[in-house]
Each structure stands twice: as structure tokens, then as C-alpha cells.
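Written below as C-alpha cells is the structure these notes are about.
Within every chain, numbering begins at 1; the chains are lettered A, B, ... in the order of the sequence lines, protein sequences first and strands thereafter.
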Amino acid sequence: MASIKPSVPKGTRDFSPAEMAKRNFIFDTIKGVFRKYGYQQIETPAMEKLSTLTGKYGDEGDKLIFKILNNGDFLADGGINESNITADSKRLLPLIAEKALRYDLTVPFARYVVMHQNEIAFPFKRFQVQPVWRADRPQKGRYREFYQCDADVVGSDSLLNEAEFVMIYDEALSKLGLKDFTIKINNRKILSGIAQVIDKNDNIIDLTVAIDKLDKIGLDGVIKELLEKGFTTHDIEQLKPIILLEGTNDAKLASLRDALSESPTGLKGCDEVESVLNYIANCPLRTAKLELDITLARGLNYYTGAIFEVKTNEVAMGSIGGGGRYDDLTGMFGLKGLTGVGISFGADRIYDVMEELKLFPETAGETTRVLICCFDAEGEKYALPLLKRLRDNNISSELYPAGAKIKKQLDYANGKQIPYTIVIGSDEMRSGLLAFKDMNSGVQEKLSAEEIIKRLK
RNA sequence: GUGGAUGUAGCUCAGUUGGUUAGAGCACCAGAUUGUGGUUCUGGGGGUCGCCGGUUCGAGCCCGGUCUUCCACCCCA
């Protein structure tokens, strides 16, 4: 058989031991915070029914879902024949693919909640750390397979949840070593209010998508886009003072209340944001800047209340986290009136940021603490009980299989960054005093097994 | 989906207007050193120059296609 060049699919990666140590540092930190706030872990399958996923992420999102071709004779089983094979691929698709890789963790969670509603005690606080897949074109900070770390609450409309998510972001990212990041907060009701006061309720998507780009394409760019979408210069004149709000969060809120005085929905949104800010005021953040940003829209069309986005200010990178409240997500699966709010950490982007800022602790790569080196089968036999004692004392240790030169064994310890070695030869076996070597300083001493264990504990 | 770059040893990269047998550093293996690594010295293995095709007496170099990675747009974590 001709050998093929080994490679992985576009946008996917292998993770080697050094990378996994760093990735686990991120996952463990975030999971630890989730647990501390009372969230319980679940997992859902890598694949979902295609019908579960389609229509939840907008037309653009649907295109980015990885579909799984049906097994078996998918042409015959799907009833494909001369007449419908020529139909457009949108109609052909459900006939030949009934499964797809999950696109995010929120929709599968909504599906989970509806399926398990009778076993769940509400409010239900769950977290989930799993990969998701998107058929996007890869670029900086964008992969086709990446991990999300989600925490959501369903069955509670209290704004305390929103406030807690701000605290979770602050605590987890601070623990990871980020020094300067902003949690942006907005509220869908404020965006609705803005649309209402200019009488453009039907165009709220176009409106929010356009003003979301303010910091990227500037005011002129936004105006140009709005004009293309059918907004009048009169609408834009009304919008300008709203989207150009500046000052403290309180000042922005005061101006907004003024501008949205004709919109009860908009005022409700202002109240909600104010409540969250008040919770946080009582419980100061360690590192994060919390900023009301009314240009924050995010494409997901199911947010109904709070909207979150987290950005680092230390390196150029897209958002490293996002989330919001969705009042009717489970409604799509037939369970009405259940509200949910959640956030997500983008683990792979956080990794890239931390790598660039050199924030990973040195010890993240260290695994084995001590390597036992011996010369022959006799030494190996002598070393085995010691190895067990070390491990029983929770000291990760290895015994290099006998036969290799000591040079080779010490090279192995170096390559694996093992900080201590124990050399066992005939002298050592006779005296019971073992050659214990600190690989960093090069200092070697003769110590008993008890003393070595005491040193390593 | 649109546009622009990129690809030479395991890694980082040289490679002249197209011209003999494609190089360096690091890494790896062996020896100097039959009980001691990180330093040093000596030697060694490693390449279908991303892949396919074209132009040419001759292609790592020029042309077309394709794949990969990267960058921007769109969108997003």
C-alpha cells in the first residue's frame, strides 16, 4: 500500500504533552471556579440530530455546521432519485445527513433540559467543557475544532445570575493571570428600545449588526451600512447621540433613559443593567473592567436580556468569552416559559493570549518528579519496592528499564525535565544509601530511602 | 463564501539571471567517557524542495491547478 502523508483536517490540531499541561491548567482553573459557584458538570454527545441544530444560529450559522453523511446506502435510503437529485442542496441535505457535529454548547444544553426536565431541580446550574466544531475558514484565534467552557442557569430570572457571571469571568481570568480585560455588558431590551424610538422594530437585526461594528469601521462606516439597509438620514440623526454615548456607566444609563423615555422596553433594559451594576458595586471585581457598551449586539438572535462579551486589552484577539440571557430557547423544543442565562469561555483563544503573554507557570510542564536509574536486573529488582513507596507517598516517579547506560538514562530525565534522579548500583544496594541527585544544581548526596521521600514530599 | 500571502531536513531558515552531487544552526544517533546528564570535541543518519501538471537541453527557482498554514473581510470563541 502506498504510504500517505500524515496530516489532520484543516483547522484541527494535535496537542502534545507540553500543550496539554497548559490546556489542562486553563480547564482546571475554569472548572474549579464553576464548581465553587455551585455549577454541576454535564456532557452531551459530539453529534446531535441535524434538525436540533439547524435554524438556531441564523443562515450564516447553518452554513458553518459540519454535517455527517448518513451511513449505509445514503442515496437509496434517502429516497434520492432522478427527480430530486437535481433539487438544491438545501433540500437534499436532510435526506442524506441526519446528524451533525455540535456547533456550540448552548443549544445541546437546551435540548438536554427539555429531555430531562422531570429529573432537574430548578434553577439548574450546569457547566460543560467540550469541543465544538465550525466549518469556518481558520485564521488567528479561529479554529474548526475548539473548546468552549460554558456555565448556564435555567429556571431563574433573577439578575443575581447575571451579576454572578460577571464575578465568574473576573475570578477565572484573574486566576489565569490576565491583567487587563474588559467585560462588556449590554441588554437586548435596550437595543429593542432604540429600534422602537426610531420606529424600526422590523429592522432590529440590521440595526444591531451595523452598530456592533462601530469600533471596527467607525461612525462613517456604520452610517454607510445603515443607509444601504434602508435607514433614512432622519433615523441616523436620531441614532447618533445614542450610539456615541460616552462617560461612566452611570452617565451612559442616564442619557439612555432620556433617549428611551418613550420605550417601556428600553427603560426595562436600563433597569436590568442598573441592577447588575448595583450587585457588582457591592462586591468589587479584582481585575476586570465592567463596561456598558450599547454597541454590543452579537449575532445570536436568541438573546432577550443581558448580553456579555469579554475582551483582553493586552493583545489583539477576538472576544475570549461571550454570553447572555435567552428567555425562550427551550421553547424551540416545546418547553415554554423557561428562562436561561449563560456564559462561555473560549479556551483556545485564552490559550493563545496566555502564550503570547507568557502567563503559563513553569511547573505546568513538569510531570515526573524523580527518575530511578539502575544498571542491571538486580538493581531493577531492588528499585521496584522503592518505586512503590515513592508512588504510595504520591510522588510521581519512574524506573528506567535496566540495560541502558546511565548517560542515556540521565538524558531521558533531562529531556523530560525530571528534577531529581536516584542512581542505584552495587554500592548503594550494599549500604542502603542511595545516590540522590538534584538535576538542576548537579548536587549529588547519599541518602536513605526515608530521607529521599522526606525531601520530595 | 470573498480577497491576499505562504510552503526547502524533526524545528527555525539560507539557496545568486533557471545550470554539476540542495546547505546552515538547533535537535537526533554514535564515539571521546564499561557508575553520572546539561559544557566541549569528533563522526553519522536523515530531503520525491507540499502535491499534480506545464514551459525548457535543464526547474527548489518560471507558469497553471490543487492542498496546507497564515492574514484580512464576513461572522464568531
Evaluate A:Arg137 against A:Gln139 for side chain to side chain donor-acceptor pair (under 3.5 Å), listing each step before the verdict. CA-CA 7 Å; A:Arg137 190 179 279 210; A:Gln139 53 179 277; over 6 Å; no

[M] and [N], which share atom name [atom1], separated by this distance in whole Å:
| N | M | atom1 | result |
| --- | --- | --- | --- |
| B:C61 | B:A14 | C1' | 14 Å |
| B:C41 | B:G60 | C1' | 34 Å |
| B:A9 | B:A72 | P | 27 Å |
| B:G45 | B:A30 | P | 15 Å |
| B:G15 | B:U55 | P | 29 Å |
| B:A22 | B:U48 | C1' | 13 Å |
| B:G58 | B:G46 | C1' | 28 Å |
| B:C52 | B:C57 | P | 23 Å |

Taking the inter-plane angle between the rings of [X] and [Y] on a 0 to 90° scale, is it parallel (under 30°), tilted (30 to 60°) or perpendicular (over 60°)?
| X | Y | value |
| --- | --- | --- |
| A:Tyr412 | A:Tyr400 | perpendicular |
| A:Phe127 | A:Phe34 | tilted |
| A:Phe436 | A:Tyr420 | parallel |
| A:Tyr103 | A:Tyr57 | tilted |

Nearest whole Å is fine: how far is [N] [atom2] from [X] [atom1]?
| X | N | atom1 | atom2 | result |
| --- | --- | --- | --- | --- |
| A:Met429 | B:G35 | CE | C1' | 12 Å |
| A:Lys437 | B:G37 | NZ | C1' | 6 Å |
| A:Ile320 | B:C76 | CD1 | P | 17 Å |
| A:Gln409 | B:U34 | CD | C1' | 14 Å |
| A:Leu296 | B:A77 | CG | C1' | 14 Å |
| A:Asp59 | B:C76 | CG | C1' | 16 Å |
| A:Asp136 | B:U2 | CG | C1' | 13 Å |
| A:Asp212 | B:C74 | CG | P | 10 Å |

Cationic N near anionic O, under 4.0 Å, A:Arg142 to A:Asp348: no

Ion pair present between A:Glu314 and A:Lys179, side-chain N to carboxylate O less than 4.0 angstrom? no

Nearest listed nucleotide, side chain of [X], among [options]:
| X | options | result |
| --- | --- | --- |
| A:Ala435 | B:C74, B:U36, B:A77 | B:U36 |
| A:Gln139 | B:C73, B:A77, B:G35 | B:C73 |
| A:Pro138 | B:G35, B:C70, B:G31 | B:C70 |
| A:Phe375 | B:U69, B:G35, B:A77 | B:G35 |
| A:Asn414 | B:A72, B:G37, B:C75 | B:G37 |
| A:Arg349 | B:G37, B:U36, B:A77 | B:A77 |
| A:Arg137 | B:C75, B:G35, B:A72 | B:A72 |

Please determine if a side-chain N or O atom of [X] lies less than 4.0 Å away from the OP1 or OP2 oxygen of [N].
| X | N | result |
| --- | --- | --- |
| A:Lys407 | B:G37 | no |
| A:Lys311 | B:A77 | no |
| A:Lys408 | B:U34 | no |

Beyond-backbone contact of A:Leu296 with A:Ile185, side-chain heavy atoms, under 4.5 angstrom: no

Would you kindly check whether a donor in the side chain of [X] faces an acceptor in the base of [N], or vice versa, at under 3.5 angstrom?
| X | N | answer |
| --- | --- | --- |
| A:Glu428 | B:G35 | yes |
| A:Asp411 | B:G37 | no |
| A:Gln444 | B:U36 | yes |
| A:Lys63 | B:G1 | no |

Applying a 4.0 Å non-hydrogen cut-off, can you work out what [X] is touching in the nucleic acid: base, sugar-phosphate, or nothing?
| X | answer |
| --- | --- |
| A:Gly442 | base |
| A:Thr421 | nothing |
| A:Gly323 | nothing |
| A:Tyr143 | base |
| A:Gly321 | sugar-phosphate |

Pair assignment for [N], Watson-Crick or G-U wobble, requiring both distances under 3.5 Å:
| N | answer |
| --- | --- |
| B:C62 | B:G54 |
| B:G3 | B:C71 |
| B:A22 | none |

By nearest nucleotide on RNA chain B, pick out whichever of A:Lys10 and A:Arg134 is the more 5' one. A:Lys10

Find which nucleotide of RNA chain B each of A:Ser441 and A:Asp427 is nearest to by heavy atoms, and output the residue with the more 5' nucleotide. A:Asp427

Side-chain donor-acceptor pair under 3.5 Å between A:Thr304 and A:Asp328, yes or no? no

By a 5.5 angstrom centroid cut-off and a 30 degree plane limit, is there stacking between A:Phe345 and B:A77? no

